[in-house]
Amino acid sequence: MDKHGWLFKASLLSIATLTNAAAAVQVTVPMIMKDLPNQSQASIELLMSVTSFGILLFILLSNFLTRLIGNKKTVVLGVAIAVIAGLFPCSRKTMRSYWRHVSCLVLV
């Protein structure tokens, strides 16, 4: 793959965006606390920090997966998991369940 081509640059940008999206959402904690008065501050902050645990877990697994299926397939698998886990909380049943939502954030 050409490192100066648009496909490489777009791929790198999408991976960087997926890994940094959680940090961008942390500024919304006060607004989430207003919208969810029945949830504790600790549980709302857990929503923001749990994605870091997922990133850590998949970083540890990535070396094994890379050897097993290769670099490109590992990246595609990671992006696919992030997209699916990012869209899953949009379902009605998941929106009602706090812990389902947290489990999706671990995967993102």
Side-chain angles (χ1 to χ4, degrees):
M1 179 178 275
D2 179 25
K3 291 184 179 182
H4 299 291
W6 69 271
L7 184 59
F8 178 78
K9 291 176 182 178
S11 302
L12 192 61
L13 182 62
S14 70
I15 293 168
T17 302
L18 287 173
T19 57
N20 292 321
V25 177
Q26 289 179 349
V27 297
T28 63
V29 169
M31 291 180 275
I32 294 173
M33 288 174 54
K34 285 181 186 176
D35 289 341
L36 301 172
N38 57 345
Q39 294 292 331
S40 67
Q41 181 178 354
S43 64
I44 292 172
E45 289 176 354
L46 176 67
L47 284 173
M48 300 302 140
S49 61
V50 77
T51 55
S52 300
F53 296 125
I55 291 171
L56 178 66
L57 175 69
F58 283 106
I59 286 174
L60 294 173
L61 292 174
S62 67
N63 193 23
F64 171 73
L65 284 175
T66 301
R67 279 189 260 136
L68 189 67
I69 63 175
N71 283 336
K72 288 182 184 179
K73 290 181 182 177
T74 302
V75 171
V76 170
L77 178 66
V79 171
I81 289 172
V83 167
I84 291 168
L87 292 176
F88 187 72
C90 293
S91 71
R92 289 179 131 181
K93 291 180 182 178
T94 307
M95 290 294 282
R96 291 185 206 141
S97 172
Y98 173 78
W99 291 109
R100 286 185 193 162
H101 191 75
V102 168
S103 64
C104 289
L105 286 174
V106 169
L107 292 174
V108 172

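- S62 and I59 make their closest contact through OG-O, 2.8 Å (heavy atoms, listed as atom of the first residue, atom of the second, distance).
- For the side chain to side chain contact (heavy atoms under 4.5 Å, CB included) with T74, the lone residue among L68, L61, I69, N63 that qualifies is I69.
- Between R67 atom CZ and L65 atom CG the span is 10.0 Å, to the nearest 0.5 Å.
- I81 and L60 are not part of a single hydrophobic cluster, where members link through side-chain heavy atoms under 4.5 Å apart.
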